[in-house]
Number of protein chains: 2
Amino acid sequence: MAGARREGRPAVIGDVARLAGVSPQTVSRVMNERPNVREETRRRVLEAIRQLDYRPNLMARGLVRRQAHTIGVISFDSVLFGPASTLLGIGRAARAAGYGVTIVTPEGFDRGSIIDAMSDLTSHTVAGVITVFPSQQAATNALFNLPAGLPAVAVEAAPDESVPTVRIDQAEGVRMAVEHLLRLGHSTVWHVSGPRERMDAQARIEAWRSTLEQAGRPTPQVVAGDWSAESGYQAGLELGERQGVTAVFAANDHMALGLLRAFHELGVRVPEDVSVVGFDDIPEAGYLIPPLTTVRPDHGEVGRRSVEVLLRLLDGQDVEDVPYVVPTLVRRASTAAAPN
Amino acid sequence: MAGARREGRPAVIGDVARLAGVSPQTVSRVMNERPNVREETRRRVLEAIRQLDYRPNLMARGLVRRQAHTIGVISFDSVLFGPASTLLGIGRAARAAGYGVTIVTPEGFDRGSIIDAMSDLTSHTVAGVITVFPSQQAATNALFNLPAGLPAVAVEAAPDESVPTVRIDQAEGVRMAVEHLLRLGHSTVWHVSGPRERMDAQARIEAWRSTLEQAGRPTPQVVAGDWSAESGYQAGLELGERQGVTAVFAANDHMALGLLRAFHELGVRVPEDVSVVGFDDIPEAGYLIPPLTTVRPDHGEVGRRSVEVLLRLLDGQDVEDVPYVVPTLVRRASTAAAPN
DNA sequence: GCCAGGTTTGGCAACGTTAACAACTCGGCT
DNA sequence: AGCCGAGTTGTTAACGTTGCCAAACCTGGC
């Protein structure tokens, strides 16, 4: 019978055309919501589409239109709360704009694993790329190995000014945390940092230092951690024994959590003896012992905004400065006035 | 000059062919590592590829070969540790097998948002689909709306036996947790559950109940939570006031964390007065106060295995039963002998 | 020097869609 | 009646790749 779908195979545009008694071109017009199709014709086509359960082949469409319908994302640490939230924001915003999202997670920061991970992104399958990397080296490896002309946006770390970058305003977040502690009467604030090669860790160290300097306070030695609760715990064992430590700013909540535990073991009371502030506002932050005062960056907003910038790039516009995403300070019970 | 790349556009196979002085067909053979290409010819082609930075167009390739190079994943709660780890496992395994991964996260469990989220997966862009859903309803909505003939694998929740399903052995994990507590001398174990409409929550409730029954112990009323630390906290306030509660099994670590905090507030000591066991082994579990005894499911393995099963399906094999992924019990300091 | 059999290479068509253009329809106007 | 133009529809070719088949090229044996 005319218009029957070919055996076993999914329907294609020609099948729909035959069933509706029009040309493939007209079906294409209906699919793409172009004007100048008689209402009656449109109805017939739509009905045929429904009957055959026709779904346009995006690969064929991408081929003629010379454009992909997907955004590529290269992300590290995608299991962590922050990056995972950013990824979710990217996914939602991309889909709203009609793009799919392909996510790759390289094994390491080195050039080899990053190029390896990117291999399918570079094969004309993505319209543009967003990197979500905490390290400048990784971002450089990724962005300098992209095919020429492929639009890219960096989240957090970028090799230089040539790539539009969406960032959390680390400096502002840290300033809020440190000033909060100073206002509570602490004479200075110690810092447990993330790994120094990470951009965000570095940015937080610098913001912490400069806030203290501007307030005319001494800047203690940085205690280096690696984002993990374990490293926060080790830092806590060290700081808890030390004289005169009354306020600690940890570069993320996981380390703050380790700190809390170390202080608890040592009999150092939080917040009576020492105040602690974290960074991230992980979902459990409010239920730690004690509930953690922390800086909340809006990772979802970072994701949304990076898509927005990429779309502008795809549209041929050029993008100058992207405003920073400003975090907020969430005050809970882990901070209190300095002991005297 | 011969072999020059056409202005501005990325090189295509014809450009490479011209530069190497061979036909496009031969370039294709080299790209796909087919036999019967003279070594000298292969070298010339590879050199041309390098010179032009040629990358094959996967959309064109997919079109002729009638197959996609991507695996579609529909996931819920992708920010949580468990699903995020599964996603990572899927991504790595897929890439190792030469597939990209497209992830979509619907807004809700209802049919509308799921179909909506799936729309691009259904347009011939994916070779197969993996669902990562904690609810049977969601899995049903997804899997019954897939185009006919598209291979699919379910993680955790599936509508029925028709779709191969990769699961954590919830029952075994729960049994380990509950028996651990019983062996410590507790007369029974209370349970703070996840939301009942979630398959995994339901499975844990049932396993908890049957383990107690098999041991001939009374089964207390389930305290219902919703996975969040807040709900664990509320449950803790309730259980902490109750007489005779000496052991609690929380259906996930976040709720266990809330429990710990509530008990702390109430002056109930863990593990001296009450033992607590969680489920998930989130990265911070070992640094809570006290470090949490918990069940560790290998989410990454679940992801890897689901890809493996999907690949078998794509290969035309049919898959009978997929063995459960068995979790392990991680003993830490939140459990101890029952008080007398 | 010739032929059989294998290896290497090229030509053509097809995958499913859309862009560009051509052609047709229809009502209104000269 | 003939013509115009807006609105609607169809035709042709192209996107970049690979499957299929045929052609050209070797190699060694007689």
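Proteins get letters first, then strands, A, B, ... in listed order; numbering begins at 1 in each. Nothing here was measured: the structure is a model prediction, and the numbers come from that model.
Separating the CG atom of B:Leu63 from the C1' atom of C:dT18 is a distance of 12 Å, rounded to the nearest angstrom. In this entry the distance linking CD1 of B:Ile13 with P of D:dG19 reads 11 Å, nearest Å. One can place CZ of B:Arg43 at 15 Å from P of C:dT8, the figure rounded to the nearest angstrom. Atom CD in B:Glu39 sits about 17 Å away from atom C1' in D:dC26, given to the nearest Å. Taking atom CZ of residue A:Arg55 and atom C1' of nucleotide C:dT17, one finds them 18 Å apart after rounding to whole Å. What separates NE2 of B:His69 from C1' of D:dT18 is a distance of 16 Å, to the nearest Å. A straight line from CG of B:Asn32 to P of C:dT8 spans 17 Å, rounded to a whole angstrom. Rounded to an integer number of Å, the gap from B:Tyr54 OH to D:dG16 C1' is 7 Å.
Minimum atom distance to the side chain of A:Ala60 is reached by C:dT17, of the listed D:dG10, C:dT17, D:dT18. The A:Arg38 side chain lies nearest to D:dT9 when the options are D:dG16, C:dT18, D:dT9. Counting only heavy atoms from C-beta on, A:Gln25 has its side chain closest to D:dT11 among D:dT11, D:dG16, C:dC15.
Within the nucleic acid shown, B:Pro56 comes within 4.0 Å of sugar-phosphate atoms alone, with no base atom in reach, counting heavy atoms only. Here A:Asn57 lies in heavy-atom contact (under 4.0 Å) with sugar-phosphate atoms only.
Not one side-chain nitrogen or oxygen of B:Arg61 sits closer than 4.0 Å to the OP1 or OP2 atom of D:dG16. The phosphate of C:dT9 has OP1 or OP2 within less than 4.0 Å of a side-chain N or O from B:Thr41. Side-chain N/O atoms of B:Thr26 include one lying less than 4.0 angstrom from OP1 or OP2 on C:dG10. Contact check, A:Asn36 against D:dA6: no side-chain N or O comes under 4.0 Å of OP1 or OP2. In terms of phosphate contacts, A:Arg66 brings no side-chain nitrogen or oxygen within less than 4.0 Å of OP1 or OP2 of D:dA14. A sub-4.0 Å separation between OP1 or OP2 of C:dT17 and a side-chain N or O of A:Ser28 is absent. Note on B:Arg34: every side-chain N or O is 4.0 Å or more away from OP1 and OP2 of D:dT18.
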Tell me, with the steps shown, if A:Asp318 and A:Arg312 meet salt bridge (charged side-chain N to carboxylate O under 4.0 Å, His left out). CA-CA 7 Å; A:Asp318 51 7; A:Arg312 243 185 293 160; over 6 Å; no

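Nearest-nucleotide positions on DNA chain C place B:Val37 closer to the 5' end than the other of B:Val37 and B:Val64.
Proximity of B:Glu107 to A:Arg92: side-chain heavy atoms (C-beta onward) are separated by under 4.5 Å at one or more points.
A donor-acceptor contact under 3.5 Å is formed by the side chain of B:Arg29 with the base of C:dG10.
Side-chain atoms of B:Asp15 never come within 3.5 Å of backbone atoms of B:Ala11 as a donor-acceptor pair (strictly under, hydrogens ignored). Put simply, the side chain of A:Asp116 never gets that close to the backbone of A:Gly112: no donor and acceptor are under 3.5 Å apart.
Judged by distance alone, the side chains of B:Ser113 and B:Asp110 do bring a donor and an acceptor atom under 3.5 Å apart. Side-chain contact of A:Asn145 with A:Arg111: a donor-acceptor pair under 3.5 Å is present, judged by distance alone.
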